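What follows is a short report on a single structure.
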Amino acid sequence: MDLKNLLNKEQCEAAITVEGPLLILAGAGSGKTRVLTYRIAHMIEDLKIYPSQILSITFTNKAAGEMKDRVRSLVGNIADNMWISTFHSSCVRILRREIDKIGYNKNFTIYDSYDQKSLIKQCMKELQINEKDLTDSEILGKISNAKNELISPDKFKKENESDYRKNKIADVYVLYQKRLKGNNALDFDDLIFKAVELLKNNKDVLDFYHSKFKYIMVDEYQDTNKAQYELIKLLVDKTENICVVGDDDQCIYAWRGADVTNILDFEKDYPKAKVVKLEQNYRSCGNILKAANEVIRNNSQRKDKALRTEKDFGDKINLYRAFTDRDEANFVASQIKTIMMEKNRSYKDFAILYRMNSQSRIFEESFRKNLIPYRIVGGLKFYDRKEIKDIMAYLKLINNPLDDIALKRIINVPKRNIGDATIQKIQEFATEIDQCLYSAVLDVDFIPTLTTRNKSSINKFVSLMNSFMAKNEEIPVSELIKAIIADTGYLKQLENSKEPEDESRVENIKELVSDAVEFEKTSEDKSLLAFLEGVSLGSTTENPDEIVETVGMMTVHSAKGLEFPVVFMVGMENGIFPGMSSLNNFTEMEESRRLCYVAITRAEEKLYITSAESRMVFGRNVGYQPSDFINEISPDLKEIIGGAKNRTVAVLKRKNAKDTQKYNPHGLLSHDSQMSVQDHLSGSSDGSSSERQSIKSEATVGRKVRHTKFGVGTIVSTSNSNGDTLISIAFDNMGIKKLILDKAPLEML
């Protein structure tokens with residue numbers, strides 16, 4: 001394989017470096033998937049490494065599928081002998097083979113978010129925890145974070161005994177994990193947590209996987225959390241043939257546990273590591289890349305690198321400062337229509353990127369009025385719909401009768417005269433005999449608290465489920481689903497319904513059958529267990545309502561990995577992007593800047609950055625200054641168009657002329673020194689009353705100011721006290737200070 005003619009110099013170096021630890025720093029649009037694909041092909045074809053000795057881990061099923069298809073196109077079906085899968089899929093394969101060594105049955109159920117919430121609520125009820133004091137979402141979030149940090153229930157309990165609230169969460173965590181094991185179930189976080197536990201505590205299992213996987217590759221390494229990091233460390237044997245690919249500048253998932261230090265410290269973990277930088281970008285025009293480089297270089301926690309391209313410089317970045325948020329949305333709509341006419345574009349060529357989902361509403365309104373088709377990326381997924389979850393619960397119970405959550409969901413769906421009170425009595429009996437719910441319903445005749453009518457309804461349900469379990473051994477999954485929707489009366493109930501939404505539910509159930517048929521055609525393992533596993537891991541049909549010829553609206557997080565000819569970055573204001581919390585926290589500010597870098601590098605040819613003088617937030621009009629990130633882009637790369645143009649030019653000129661003190665991320669907004677109001681007064685300010693009144697009107701949250709003593713800062717809050725206006729300012733090098741506006745020597749920037 002002639003890699004020198006297939007890859008650029010840096011890509012080729014990364015592809016042929018196979019032995020020992022390797023860090024590939026792959027900038028946005030630098031062709032990392034191509035490098036990984038050819039690296040695997042080189043290992044198999046040129047170096048004659050057995051495919052079964054290679055483990056390649058990705059973060060999404062889409063990425064895994066794409067890589068597998070590419071490798072197969074290069075080396076043929078021999079590629080099917082290697083593992084190319086997500087963290088969770090890899091762990092499932094390990095656990096299906098070995099989980100009995102830590103006390104579970106191999107036919108364990110994988111709980112989705114609905115199942116988790118149901119079990120959490122059950123635990124809260126058992127522990128008499130009021131949902132007004134602690135929500136199930138908060139508890140689940142804390143448990144998930146603990147598992148991602150590899151903190152067991154007992155350890156979490158011990159660490160938080162002195163904290164009343166966290167101690168309550170610890171009680172739920174302990175009981176929740178006990179109930180999970182009793183149900184022979186794992187939640188999504190358990191897949192990695194339990195795999196790490198298995199490998200740490202079973203040397204023979206660890207030795208087996210060391211002998212099996214001689215070469216390990218991990219994509220998007222910057223997004224790994226502690227559990228994923230530890231899993232990889234365990235799987236790497238003494239030869240240290242580990243290759244990780246990632247970009248610290250695109251680490252934007254700290255909120256879900258991603259730790260950027262995993263990639264930054266790779267050379268500390270593996271002192272013999274070789275580093276290859278992929279800096280050639282094949283996506284964006286020159287001006288867009290220069291802007292991205294100028295923004296991200298303000299971060300201190302990063303590896304030194306800069307994207308470059310052989311493409312033309314392209315258009316300058318267009319800045320639009322709208323008068324209102326509605327004006328901003330209408331501007332975006334009008335620009336799309338204009339470009340469509342002048343450049344012969346398709347709607348799918350455009351993307352609207354925002355910081356928060358709530359920002360989409362006003363753009364949706366404008367697009368509807370302008371007859372522009374759009375889609376919200378990240379809407380309700382197919383397998384999250386009620387009717388689909390109902391049928392899936394039947395399948396889960398057929399596969400694993402120990403699954404109490406699945407049983408509770410469908411024991412009275414459709415209605416069978418088995419109400420909540422009856423289910424509670426069955427639960428109490430099951431708890432008393434220390435058995436699962438299905439064992440209790442099998443012995444329903446021995447539950448003295450139930451009426452004859454109750455027992456008759458439950459026995460009919462048991463008979464139905466037993467017939468499905470018998471059919472599962474004889475017919476394929478698609479036929480089993482047909483039997484469920486027919487024999488239970490579920491489909492008939494929907495077809496006879498007068499509710500308009502039930503018509504689409506019928507179509508969705510039919511789509512589920514189609515998905516099962518497709519599974520049977522394409523999967524080697526056609527069992528119900530394999531089907532459920534595929535659904536749980538996300539390798540299922542996409543939302544059938546998705547329209548291709550539409551403008552995409554999405555958060556920047558959702559846009560990661562995507563690219564569009566024309567991108568609109570909207571709501572680019574201090575207080576929104578970066579958010580208010582970022583203005584007060586150095587670490588969050590660095591992550592916000594990485595998020596901005598990701599957003600900029602989604603654009604291939606044309607980039608618009610928009611903001612508004614005034615917007616509606618929580619029912620009131622507020623005014624934010626343009627984002628600091630805009631000012632980090634050189635004037636020669638951007639062009640101000642339309643809107644509040646004169647005002648924007650004046651603001652940017654003042655910033656460029658007066659900000660002699662360069663933005664300093666190291667000194668960003670320290671909370672160390674909190675002083676009284678009087679301590680912050682350094683004499684009364686000069687100026688007429690009209691000038692003071694002007695300053696007062698301009699002192700809005702997000703506004704940049706200069707203090708004669710403390711330097712440049714950003715207003716983060718305002719309040720009134722005894723007729724005075726008090727403002728809190730986050731100074732770049734002096735932390736947060738409180739001042740009396742009328743007396744403080746301030747200059748608005």
Side-chain angles (χ1 to χ4, degrees), residues 10 23-32 220-223 245-255 258-266 275-309 311 313-314 316-317 319 353 355 555-557 559-563 567 569 572 574 576-579 582-583 585-604 607 609 626-638 659 662-668 732:
E10 292 81 10
L23 169 60
I24 303 175
L25 289 173
S30 61
K32 68 181 178 65
E220 303 287 5
Y221 192 66
Q222 78 280 351
D223 292 334
V245 187
D247 182 5
D248 49 299
D249 290 335
Q250 295 187 73
C251 181
I252 58 173
Y253 296 111
W255 50 275
D259 187 350
V260 70
T261 61
N262 288 347
I263 192 168
L264 294 176
D265 292 344
F266 183 81
V275 180
V276 177
K277 298 178 183 180
L278 305 183
E279 297 171 298
Q280 178 79 36
N281 177 280
Y282 294 93
R283 176 188 299 155
S284 305
C285 291
N287 285 335
I288 293 172
L289 285 188
K290 286 182 70 177
N293 288 334
E294 288 183 350
V295 169
I296 200 62
R297 73 184 181 197
N298 287 284
N299 269 9
S300 60
Q301 287 190 314
R302 66 183 296 264
K303 299 277 190 180
D304 182 43
K305 56 188 174 302
L307 296 177
R308 65 180 187 274
T309 183
K311 288 188 175 184
F313 287 113
K316 289 188 177 183
I317 295 166
L319 304 184
L353 306 186
R355 180 67 183 84
T555 63
V556 182
H557 284 100
K560 177 122 185 292
L562 304 178
E563 54 192 53
V567 168
M569 291 172 61
M572 290 296 291
N574 286 337
I576 297 179
F577 198 170
S582 295
L583 295 172
N585 185 289
F586 162 69
T587 302
E588 288 192 26
M589 191 65 171
E590 295 238 321
E591 174 132 347
S592 283
R593 189 173 283 104
R594 292 195 292 267
L595 196 62
C596 181
Y597 172 83
V598 168
I600 293 172
T601 54
R602 297 313 94 195
E604 297 175 321
L607 176 63
I609 298 179
S627 171
D628 282 351
F629 300 146
I630 298 175
N631 203 46
E632 293 174 356
I633 300 172
S634 298
D636 61 316
L637 298 178
K638 56 198 179 187
D659 276 356
K662 178 66 178 171
Y663 177 71
N664 177 12
H666 295 280
L668 182 65
D732 289 357

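Both backbone and side-chain heavy atoms feed into the values below; hydrogens, waters and symmetry mates do not. Everything numeric in this text was worked out from a predicted model, so none of it was measured.
The residue from Met572, His557, Met569 that alone fulfils the side-chain contact (heavy atoms from CB on, under 4.5 Å) condition with Arg355 is His557.
Lys305 is linked by a salt bridge (charged side-chain N to carboxylate O under 4.0 Å, His left out) to Asp247, Asp248, Asp249, counting only residues two or more places apart in sequence or in another chain. With sequence neighbours excluded, no residue forms a salt bridge (charged side-chain N to carboxylate O under 4.0 Å, His left out) with Glu588. The side-chain contact (heavy atoms from CB on, under 4.5 Å) check on Thr309 picks up Leu289, Lys311, with sequence neighbours excluded. Partners of Lys290 according to the salt bridge (charged side-chain N to carboxylate O under 4.0 Å, His left out) rule, which considers only residues two or more places apart in sequence or in another chain, do not exist here. The salt bridge (charged side-chain N to carboxylate O under 4.0 Å, His left out) check on Glu294 picks up nothing, with sequence neighbours excluded.
Without hydrogens or angle criteria, Glu10 side chain to Lys277 main chain gives no donor-acceptor distance under 3.5 Å. The backbone N or O of Ala28 sits nowhere less than 3.5 Å from a side-chain atom of Arg283 that would complete a donor-acceptor pair. Judged purely by atom type and a 3.5 angstrom limit, Asn585 uses its side chain to pair as donor or acceptor with the backbone of Thr587. For the pair Ser627 (side chain) and Phe629 (backbone), a donor-acceptor distance under 3.5 Å is present. Panel note: side chain Asn298, backbone Val295; a donor-acceptor pair is recorded below 3.5 Å. No donor-acceptor distance shorter than 3.5 angstrom exists from the side chain of Tyr221 to the backbone of Ile24, with no hydrogens or angles considered.
For Tyr282, the OH atom sits in a packed shell: over 12 heavy atoms of surrounding residues, nucleotides or ligands are nearer than 6.0 Å.
The structure places CG of Asn631 at 10.0 Å from CG of Asn574, a figure rounded to the nearest 0.5 Å. Atom NZ of Lys303 sits about 6.5 Å away from atom CG of Leu25, to the nearest 0.5 Å. The distance from the CG atom of Leu607 to the CG atom of Asn287 is 10.5 Å, given to the nearest 0.5 Å. Atom CG of Leu637 is separated from atom CD1 of Ile288 by 10.5 Å, given to the nearest 0.5 angstrom. With rounding to the nearest 0.5 angstrom, the NZ atom of Lys560 is 12.5 Å from the OG1 atom of Thr555. Rounding to the nearest 0.5 Å gives a distance of 11.0 Å between SG of Cys251 and CD of Glu590.
By the 4.5 Å heavy-atom criterion applied to side chains, Val556 and Phe577 are counted as neighbours. You'll find the side chain of Lys638 reaches within 4.5 Å of the side chain of Ile630, heavy atoms only.
Residue pairs meeting the salt bridge (charged side-chain N to carboxylate O under 4.0 Å, His left out) criterion with at least one partner in residues 594-604, sequence neighbours excluded, are Glu591-Arg594.
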